[in-house]
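What follows is one structure encoded as structure tokens, with my remarks underneath.
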Amino acid sequence: MGIDVTVKIGGQAGQGIQTVGELLAAACHESGLYLHGINDFESRIRGGHSFMQLRISDSPVQAPDHRVHLLVALNERTLDTHRSELAAGGLVLLDSESERSDTSVLCVPVTKLARDAGGAIMANTVAAGACLALLGAPAESIKAVLKAQFLDKSESVLENNLKAAKSGAKAVEGIQFDRAFKWPESRPAGKLLTGARMLALGALAADCRFAGFYPMSPATGIMANLAEFEDRLPLVVEQAEDEIAAVNMAIGASFAGVRAMTATSGGGFALMTEGLGLAGITETPLVVINSQRPGPATGLPTRTAQGDLRFVLHAAQDEFPRFVFAPDSLDSAFEIMIRSFDLADRYQVPVIVLTDQYFNDSIAITQKPLEAPSAIERFVVDDADMDDSGEYRRFAVTESGVSPRALPCEGRALVMVSGNEHQEDGHISEKVSDRIGQMNKRHRKLSGMEKQIRPPRADNPDSSVLLAGWGSTAGAIRESAELLRAEGIDAGAVCFTDIWPFPAKETAALLDKCSRFYMVEQNFSAQLGWLIAERTGRKFHQAIVKYDGRPFFPDEIARRVKAFEEGANG
Amino acid sequence: MVDKDDFQCDFENKWCPGCGNFGILNAMKQALADLEMPPEKVLIVSGIGQAAKTPHFLKCNFFHGLHGRALPVATGAKTANRDLNILVNMGDGDCYGEGGNHFISAIRRNIDVTLLVHDNRIYGLTKGQASPTSERGFVTRLQPHGPRSDPMNPAALALSQGAGFVARGYVGNREHLTGLIKQGIEYSGFALIDIMQVCVSFNRVNTYEWYAERVYDANRAGHDENDFRAAMNLVFEDKEKIPTGLIYRKQTVPFSDRLGRPGPDALLREKYNPDKVQNLIDSA
């Protein structure tokens, strides 16, 4: 393995931890390195304790590392809290004006240096300058990054920050840091983005034109990123009075003919469920992102979880077809957003995209080019497509289950839609024949929808032990399988992005090849594990679950699997 | 030339004989015909309740959605396609109870729709419970001593939130109601028409006779619909008399003009531009 260094920056909320992390990330990105960064914070704006943990590598990284090589402590609490995570040869950079006898703690008067450079607010820049110097980065790297950062600020702001960065670097001059490395001089490997931003870009690429939302962590970032493009594209992002309004607005916009979405977290999704059912029975295309956090109720607002899988599979009363996807990387999020809007239109069904706080708030680098589709197919009809537009029936019974969809007031055909059970023309009906006819019609879509589902990605599928999971934890799961292989355990990984309709046949075939499989999930009961059992009859050996709201580390998964394996073999 | 009969629809009507909704339905058809709006150019969005079934009983495009949620659906539809002519039919429970927050928000957004509230002071579809506009002492099976809440004042609430078109109609005065609906449709912005409606099956208090003794035409009595203070005084008048007519009207900027979008075209009609989208993604 080449470069693999983890820097953790900790302090109070409001101290600018993220700024330090973002400056470091930008410098790494510019020089062609890969990185993965997690944001950990409390549900408060000021004070408390938060950190950003940045893993830097010369090859793609998709998960955080549990070992910290450089701990940047903007306060004492960070030192106390995270000291134990320090790897051998690790170093602490502490904002302090007094020296310590402990050689692993490097005291740098970060705040004082910032004040000297023009203001305490630049403490972040001082810290970033010091970190980059310790890591062996060329002096120019921070300059370029600061220039980009303060592009629209006055000259003096940039000057002061350059001075601050320089003083940070100077303060650590001559310090030998074991994990310093030779910085490559390549071009950026891909785009540096958060998951939330990638979801927004995916929506843009999919020609999403309306987004209704109500602020809720960790989904708000998606909408903030999307709103940035409002003035440049045919796009309206509207903050609704509540989540119920948000989903109903999206349904109204979609009914009228534009691609529409909403995004929320579990609590907001709970409020949206009746709307989800409305989209189901009115066969209105709809994309809903549920960015999960631990629940129930308010739960842990700023933490991560995968506890809503069962919820979204069954949300809203009775049954109707839906898609459920869970991106496993930035690249897959972009693709899944494009697919979601396309499939919602194609099958006239709601699509749920499951992400989580870990995915939305983490930064990483894309590995594939982000390509906007050359054209958007809408799967709508107008008068010209009909023999007699006066006889148009919005819910005509068809073999595929998909009825030709016309738009209201766009022709002579009257588009009549009801959330009550209805006859083919859309009028309310309580007749048995209409109920059965429409239920069967809606559910007939499933056979087409199943063909759109991609089987889980399998790494080393012929291994005797498989680790299975879904969505954002894929990076940690795949790496943990690699760690196990390095320790002599024949392990592979199976990670799902397409969850519903469930790819039962492919899953069963995959799992039949292994001796046993483990579920790795961020919920209490291994929800996907039991779904697999239900749909395939294959039962997991053990579940590695985590529900403390913090993301998985690859090492943690590997250790827990190994413990079971040693038990199984000994 | 659009005729009232163009809206004739052969789908079986499911209201009780003598229901006040028939008067509203007829007034709507007449208003649309008078305004030369053919069925294919009309979109009706409704919630749930007897009132919300209205679009099934005339020819039009419609979206009959969830209880309380018609206004968000209408907001989304109008935002997607500003060329739509949208009427919203809701009952008093639907609009002021279940959908109260949406009612307030639709006023504040000034979404350009005409909201017809079939206000019969009772829940009809669920067979006779008190509604947000039922008076204290209005006895029902579920409220043997009457509701414990005071009745809501929808017109006053709308005025207080900045509504630019507030009217009150009465089903017993068809021509007058038709005129109000026409003015509501022609108004650019959110138009509320709170319609005093009669439930012949469950409301034995607020009957045709009861209304006949109280309802009067406020505009004919000299009310100036441009005077906000006068409008406020009117909607707080002694309950022994019920003023109807155009309570208040002012010019406002409708939601569709608040979007800050560069072009005048409806969102729906803009072409997808892959090069522009790609550029934005590349530079993001």
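Here is the naming used below: chain letters follow the sequence lines, and residue numbers restart at 1 for every chain.
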**Study point:** Choice from A:R259, A:E410, A:R394, A:E228 maximising heavy atom contacts with chain B below 4.5 Å
**Key:** A:E410
Exercise for review: Would you mind telling me which of A:P373, A:A250, A:G212 has the largest number of heavy-atom pairs within less than 4.5 Å of chain B?
Suggested key: A:P373
Check your understanding: Would a 4.5 Å heavy-atom cut-off, applied to side chains only, mark B:H64 and A:H427 as touching?
Key -> no
Check your understanding: With only heavy atoms counted, which part of B:V42 is less than 4.5 Å from chain A, the side chain, the backbone, both or neither?
Key -> backbone
Exercise for review: Output the residues of residues 89-115 of chain B for which the shortest heavy-atom distance to chain A is under 4.5 Å, in residue-number order; output 'none' if no such residue exists.
Suggested key: B:N101, B:H102, B:S105, B:R109
Study note, to complete from the structure: Among residues 188-201 of chain A, those lying within the under-4.5 Å heavy-atom range of chain B are A:K191, A:R197, A:L201
Point to revise | Minimum side-chain heavy-atom gap B:K53-A:I428 below 4.5 Å | key: yes
**Study point:** Heavy-atom side-chain proximity of B:F63 to A:L278 below 4.5 angstrom
**Key:** yes
**Study point:** Which of A:I251, A:I244, A:L204 touches chain B most, by non-hydrogen pairs under 4.5 Å
**Key:** A:I244
Check your understanding: Okay, side chain of B:Q278, backbone of A:A205: is any donor-acceptor separation there less than 3.5 Å?
Key -> no
Check your understanding: Do the non-hydrogen side-chain atoms of B:L280 and A:R232 ever get within less than 4.5 Å of each other?
Key -> yes
Study note, to complete from the structure: Note: B:H56 and A:G426 closest approach over all heavy atoms is CE1-O, 3.8 Å
Exercise for review: Could you tell me which portion of A:T284 (side chain, backbone, both or neither) has an atom closer than 4.5 angstrom to a non-hydrogen atom of chain B?
Suggested key: side chain
Check your understanding: Among residues 5-38 of chain B, which ones touch chain A with a heavy-atom distance under 4.5 Å?
Key -> B:C9, B:F11, B:K14
Practice item. Please flag which part of A:A413 lies under 4.5 Å from any non-hydrogen atom of chain B: side chain, backbone, both or neither. Key: backbone
Revision key, fill the gap. Ranked by heavy-atom pairs below 4.5 Å to chain B, first place among A:L407, A:I281, A:T282, A:V258 goes to A:V258
Revision key, fill the gap. Note: vs chain A, highest number of non-hydrogen pairs under 4.5 angstrom among B:P55, B:A266, B:A80, B:A52 is B:A80
Check your understanding: Is B:Y272 close to A:R378 at the side-chain level, that is, under 4.5 Å between some pair of heavy atoms?
Key -> no
Revision key, fill the gap. Note: vs chain B, highest number of non-hydrogen pairs under 4.5 angstrom among A:G419, A:A256, A:A372 is A:A372
Review point. For residues 198-209 of chain A, which residue pairs qualify under side chain to side chain donor-acceptor pair (under 3.5 Å), counting only residues two or more places apart or in two chains?
Key: A:D207-A:R209
Study note, to complete from the structure: Ranked by heavy-atom pairs below 4.5 Å to chain B, first place among A:A375, A:A260, A:A240, A:P408 goes to A:P408
